[in-house]
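These notes concern the structure reproduced below.
This is a predicted model, so every value here is computed, not measured.
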Amino acid sequence: MSGPRRIAFVGAGLAAVSACDALRAQGYDGELVLYSAESGLPYDRPPLSKDVLLGKARREDVPLRPEQWYTDQDVQLRDGVPVRAIRSHDGGLEPADGGIATADRIVLATGGTPRALPVPGGDDPAVHRLRTWEDAERLRERLLPGARVAVIGAGLIGAETAAVAHALGCRVTLVDPVPVPLAAVVGDVVASALHLRHSAEGVGVITAGVERVERRPGGLGVLLHLSGYNGPLVADTVVVGIGIRPATELAEAAGLAVDNGVVVHADRRTSHPNVFAVGDVARRDGHRVRHEHWEAAQQDGEAAAHGILGRPAPEPGATWFWSDRHGTRLEAVGTMTDAERSVVRGDPDSGAFTVFGVRGDRLVAAAAIDRARDIKAARRIVDRGIAIDPVRLADESTDLRRLLKG
C-alpha cells in the first residue's frame, strides 16, 4: 500500500504496541520498529503496584504481547536500545547503539518518569519510586512483615502500594497534603469513602506535606519531617507516588511544541508533520490535561495509526480507568469536575455504591466502588449523549440499561 514505508517508535509501551496492532489491522505492510530503553519483552505496567509487589506475578506473566506476536505481526523489537535523539528534519533517529536509523514517520511513546520528592534528602536510598519492573523488584525486597513503610502521595499508585504493603504485613503510613485525594476526579463522596478505607484497614493516614528526609543515626531507616505534624515519622522504606513528568526531552531537543507534554492534534501528529506522539507523553491541543490511564494509551495508539495512514480516527468516548485497593475496585468514567451536580445510587455506608455526575439533563461522569455494571451502563449513556432523569439514576429499582433507550 502507498504511504510511509518505515515507521519507528521511540518507546515500546502500550500506546506503541497498540499503534502497531492498529496499523497491521488496517493493512499496513511496511516496516515497524520498536525501540525500547528496557531490555526484554515490553510488559503491562498496572500489575506493578498490585500482583507484582505481592509476588503473585513474574515478568513472563505480564507481557503486553507474547513473543510470537512480534514475529506474526512482523514488528522489529529493538529492546535495550534507547534513542538519544530524533532528527525530524531529515527523517531519522539516533539509537544509543550507534549510527543513524531512517524512518518515514517517528512516533514518540516515551511515557513519563515518576516525580522525585522535591525536598532535602528526597534522594536517600530508602526513598523509592514505582514505574518500571526494576523499581518493583527493588521495592518488593523491602516490603517485609513488620517493616515501617511511609507512602507519600495518596493518588492511584500511592493508594495501591499502601494497600499492598499493608497486605504484606508492613506497618504502613500514608502521607498526603490533600485531605481527600482524588476528589476532583471521582467526586467528594467516592473519594472520601476510598480514603477512609485506609484507616479502617489499619493503615495510618496523615494529612501533611514532607519538609525533609533525614537519615537516622546508624543508617537504620529515615526520619520524615512533616509540615504541621508533631515529631518526625520513622520509616525503613519510603515510597513516593506524586505523579509523573512527561518524558519530553527528545521532543524539546527536536524543536517540537511542548507544553505539559508533547502537543498533538486529534490524529496525534505533533508540530512536525512526520512526527507523532502517544501515551503519557502526549497532550491533545486544546485539552487541559494529559490522560495517564491504560485505556487512554491504547486509544492514543489506535488514533495515531489512523493519523499516519491519513484516515480519521474514531472518537474515543469518555475516559475510563480503574484502581484496586484493600480488596475493592474503583471504576470511573469521565471527570466529576465537568458535572454541575452529583446523584448517589446506593448506600455509601455499605461500601458499594455509585455517584453520577450530571450536567443539565446529560450524564457526564460516574464513579463507583464495586459496581462494575453501573459504570458499564453509565459509560454508554455518556457516550451516546442520552438525556436522563436524575431521579431514575438514583432509584436502584431502575435498570440502567433501560435508560439507554431514552
Side-chain angles (χ1 to χ4, degrees), residues 43-63 114-117 121-176 181-182 191 193-208 210 213 215-216 218-224 226 232-244 294 321-331 351 369-370:
Y43 53 86
D44 210 10
R45 294 192 189 277
L48 294 181
S49 57
K50 306 176 187 70
D51 284 352
V52 174
L53 285 185
L54 286 168
K56 294 181 179 179
R58 300 163 298 174
R59 184 159 177 172
E60 55 265 35
D61 298 322
V62 292
R115 295 186 184 278
L117 191 61
D123 58 352
D124 189 277
V127 179
H128 295 253
R129 290 177 282 176
L130 181 58
R131 179 69 175 179
T132 68
W133 186 270
E134 288 71 21
D135 291 339
E137 286 283 282
R138 284 192 293 269
L139 180 56
R140 186 158 61 90
E141 293 175 355
R142 303 294 299 269
L143 300 183
L144 302 175
R148 295 165 297 190
V149 177
V151 179
I152 312 303
L156 299 181
I157 295 297
E160 290 175 357
T161 303
V164 166
H166 175 70
L168 291 172
C170 301
R171 291 179 285 170
V172 183
T173 304
L174 185 59
V175 181
D176 196 297
L182 296 178
L194 289 170
H195 203 48
L196 288 171
R197 184 67 185 271
H198 292 300
S199 299
E201 292 291 331
V203 172
V205 176
I206 298 175
T207 301
V210 180
V213 180
R215 172 61 49 172
R216 294 184 71 201
L220 300 176
V222 295
L223 299 174
L224 293 177
L226 308 178
L233 177 66
V234 180
D236 302 306
T237 297
V238 180
V239 184
V240 178
I242 55 176
I244 67 168
W294 190 93
F321 71 91
W322 81 95
S323 177
D324 297 321
R325 63 186 79 179
H326 300 301
T328 64
R329 167 162 287 209
L330 161 70
E331 289 189 66
I369 299 176
D370 289 338

Partner residues of Leu226 under the side-chain contact (heavy atoms from CB on, under 4.5 Å) criterion, sequence neighbours left out: Val175, Ile206, Ala208, Val210, Leu224, Tyr229, Leu233
N/O donor-acceptor pair under 3.5 Å between Asp44 side chain and Pro46 backbone: no
For His128, ring-ring contact (aromatic ring centres under 6.0 Å, His included) partners two or more places apart: none
Nearest-0.5 Å distance, CZ of residue Arg131 to OG of residue Ser49: 11.0 Å
Leu130 side, atom CG; Arg140 side, atom CZ - distance, nearest 0.5 Å: 12.0 Å
Residues forming a side-chain hydrogen bond (donor to acceptor under 3.5 Å, both in side chains) with Arg45, sequence neighbours excluded: Glu38, Tyr43
From Arg216 atom CZ to Asp124 atom CG, the distance as rounded to the nearest 0.5 Å: 12.5 Å
Heavy-atom pair of closest approach, residues Gly121 and Val127: O-CG2, 4.2 Å
Partner residues of Arg171 under the salt bridge (charged side-chain N to carboxylate O under 4.0 Å, His left out) criterion, sequence neighbours left out: none
Set of residues satisfying side-chain contact (heavy atoms from CB on, under 4.5 Å) with respect to Leu196, sequence neighbours excluded: none
Check: Gly241 main-chain N/O paired with Arg129 side-chain donor or acceptor under 3.5 Å: no
Beyond-backbone contact of Leu223 with Arg215, side-chain heavy atoms, under 4.5 angstrom: no
Criterion side chain to side chain contact (heavy atoms under 4.5 Å, CB included) on Leu168 and Leu54, from CA distance to verdict: CA-CA 7 Å; Leu168 291 172; Leu54 286 168; 4.0 Å; yes
N-O pairing of Asp324 and Arg329 below 4.0 Å: yes
Any side-chain heavy-atom pair of Asp51 and Val62 under 4.5 Å: no
Test ring-ring contact (aromatic ring centres under 6.0 Å, His included) applied to His166 - qualifying residues, sequence neighbours left out: none
Set of residues satisfying salt bridge (charged side-chain N to carboxylate O under 4.0 Å, His left out) with respect to Arg115, sequence neighbours excluded: none
Point-to-point distance, once rounded to the nearest 0.5 Å, from CD of Glu137 to OG1 of Thr132: 9.5 Å
Minimum heavy-atom distance between Val205 and Ser199, given as atom pair plus value: CG2-OG, 3.5 Å
Salt bridge (charged side-chain N to carboxylate O under 4.0 Å, His left out) partners of residues 144-160, not counting sequence neighbours, each pair once: Lys50-Glu160, Arg148-Asp236
Qualifying residues under salt bridge (charged side-chain N to carboxylate O under 4.0 Å, His left out), relative to Asp135, sequence neighbours excluded: Arg138
Approximate separation, where rounding is to 0.5 Å, of Glu134 CD and Leu139 CG: 13.0 Å
For Glu331, all residues meeting salt bridge (charged side-chain N to carboxylate O under 4.0 Å, His left out), sequence neighbours excluded: none
Arg325/Glu201 under side chain to side chain contact (heavy atoms under 4.5 Å, CB included): CA gap, chis, key distance, verdict: CA-CA 11 Å; Arg325 63 186 79 179; Glu201 292 291 331; over 6 Å; no
Extract all donor-acceptor atom pairs below 3.5 Å that involve side chains of residues 151-159 and protein atoms in other chains or at least two apart in sequence.
none

Closest contact, heavy atoms only, Arg142 versus Pro125: NH1-O, 4.3 Å
Side-chain heavy-atom pair His326, Val203 within 4.5 angstrom cut-off: yes
Partner set under side-chain contact (heavy atoms from CB on, under 4.5 Å) for Glu60, not counting sequence neighbours: Arg58
Pairwise side-chain contact, Trp133 with Leu48, heavy-atom cut-off 4.5 Å (strictly under): yes
Shortest non-hydrogen contact from Ile369 toward Gly351: CG2-O, 3.1 Å
